[in-house]
Protein chains: 2
Amino acid sequence: MKNEKTVMLHGIECCEEQEIHTDKVRQVSDLMPPEDQLYDLAELFKAFGDTTRIRILFALFEADICVCDLAELLHMTQSAVSHQLRLLKQARLVNGRREGKQIIYYLADDHVRTIIEKGMEHILE
Amino acid sequence: MKNEKTVMLHGIECCEEQEIHTDKVRQVSDLMPPEDQLYDLAELFKAFGDTTRIRILFALFEADICVCDLAELLHMTQSAVSHQLRLLKQARLVNGRREGKQIIYYLADDHVRTIIEKGMEHILE
DNA sequence: CAAACATATGAGCATTTATTCACATGTTCG
DNA sequence: CGAACATGTGAATAAATGCTCATATGTTTG
């Protein structure tokens with residue numbers, strides 16, 4: 001029952017020998033963006049893919065806020081918030097400026113708003 | 001050195017007793033979307049937050065494709081692709097229609113394109 | 001109906017990830 | 001300078017995630 005199943009590895013011999021599909025696969029394959037762009041894109045969306053970080057971003061839609069106020073707002077540890085802010089900063093979604101003892105975080109650019117807006121449109125459909 | 005640090009829990013007493021910040025926190029808090037929307041939004045972006053799924057979506061930008069061609073295109077197991085398609089379907093990013101023995105997947109709507117485009121803009125900046 | 005094909009799915013495993021805890025770094029002010 | 005405050009960070013841990021393997025479901029065809 002699994003003698004010639006080895007042929008199925010990676011689907012290379014699948015879909016019979018329909019040349020049509022093989023052509024199609026090659027065509028689509030040629031149109032795919034370079035690997036590193038796909039990777040960066042996935043990393044970007046990963047940054048949006050967590051409730052805590054989404055909440056941070058929504059907060060920053062309304063005002064520039066320091067870490068400790070964010071912690072209070074989200075009912076979370078200052079440490080937890082700080083860790084997440086680091087990820088958001090790495091994804092270039094937020095920046096921080098020092099104001100005395102505090103560091104005030106703010107949205108890096110308008111892409112953040114746009115992307116979240118489009119996402120919101122989709123879930124509210 | 002950590003006697004009165006208990007006050008710091010959840011940052012409730014942080015930032016001294018600056019009423020300004022407490023007010024700000026309350027104002028921003030009132031403007032936050034409901035919890036379930038924040039959750040759904042994070043779930044949506046989670047669906048975009050994986051290289052395999054991003055690659056599937058880019059492939060579907062170019063053509064409607066069956067599972068086994070996707071597997072070949074991505075050099076991945078049919079099973080792995082199928083698992084990811086399930087997640088994409090749950091996020092309502094793709095749909096599948098049956099055509100004979102095969103199931104052809106296609107993009108659910110134009111939000112998918114828009115969201116990825118905006119993401120691409122951000123990483124190419 | 002039985003065999004072949006295309007896809008879906010559950011369990012297991014390795015990796016990633018979000019939070020906590022303890023502590024380091026950096027700033028202000030007496 | 002030293003104490004107090006605000007934030008950053010490394011290690012540890014529990015939970016989530018992506019893939020594989022085996023197998024189930026569903027479709028066509030002889």
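Residue numbers begin at 1 in each chain, while the letters A, B, ... track the order of the sequences.
- A:Q102 has its CD atom 11 Å from the P atom of D:dG8, to the nearest Å.
- Rounded to a whole Å, the CG atom of A:L74 is 12 Å from the P atom of C:dT20.
- Side chain of A:V67, nearest nucleotide from D:dG26, D:dT9, D:dG8: D:dG8.
- Here the C1' atom of nucleotide C:dC21 and the CD atom of A:Q78 are 12 Å apart, to the nearest Å.
- In this entry the distance linking NZ of A:K101 with P of C:dG30 reads 10 Å, nearest Å.
- No donor-acceptor pair under 3.5 Å is formed between the side chain of B:R53 and the backbone N or O of B:Q84.
- No single ILVMFWY cluster, assembled from side-chain heavy atoms under 4.5 Å apart, contains both B:I65 and B:I104.
- We find that NZ of A:K89 is positioned 7 Å from P of D:dT9, with the value rounded to whole Å.
- Phosphate proximity of D:dG8 to A:Y105: present, with a side-chain N or O under 4.0 Å from OP1 or OP2.
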Under 3.5 Å donor-acceptor pairs involving side-chain atoms of residues 27-47 of chain A, not counting sequence neighbours:
from, atom 1, to, atom 2, distance (Å)
A:E43, OE2, A:K46, NZ, 3.0

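- Residues B:L74 and B:L87 fall into different hydrophobic clusters, defined by Ile, Leu, Val, Met, Phe, Trp and Tyr side chains chained together at heavy-atom separations under 4.5 Å.
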Distances under 3.5 Å between protein N/O atoms and the N/O atoms of nucleotides 15-19 of chain C, please, pair by pair.
from, atom 1, to, atom 2, distance (Å)
C:dA18, OP1, A:R53, NH1, 3.2
C:dA18, OP1, A:R53, NH2, 2.8
C:dA18, OP2, A:R53, NH1, 3.4
C:dT19, OP1, A:T52, OG1, 2.7
C:dT19, OP2, A:Q84, NE2, 2.5

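- Distance A:R97 CZ to C:dG26 P: 21 Å, rounded to the nearest Å.
- The CZ atom of B:R86 sits 12 Å away from the P atom of D:dT17 (whole-angstrom rounding).
- As rounded to whole Å, 21 Å separates atom P of D:dA16 from atom CZ of B:F45.
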### side chain to side chain contact (heavy atoms under 4.5 Å, CB included) between A:V94 and A:V112, worked out
CA-CA 9 Å; A:V94 308; A:V112 189; over 6 Å; no
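- Legend: residues meeting salt bridge (charged side-chain N to carboxylate O under 4.0 Å, His left out) with A:E121, ordered by chain and number and at least two apart, are A:K118.
- Judged by distance alone, with hydrogens and angles left aside, the side-chain atoms of B:H122 form a donor-acceptor pair with the main-chain N or O of A:R92 at under 3.5 Å.
- Checked by distance alone, B:S79 brings no side-chain donor or acceptor within 3.5 Å of a matching partner on the base of C:dT7.
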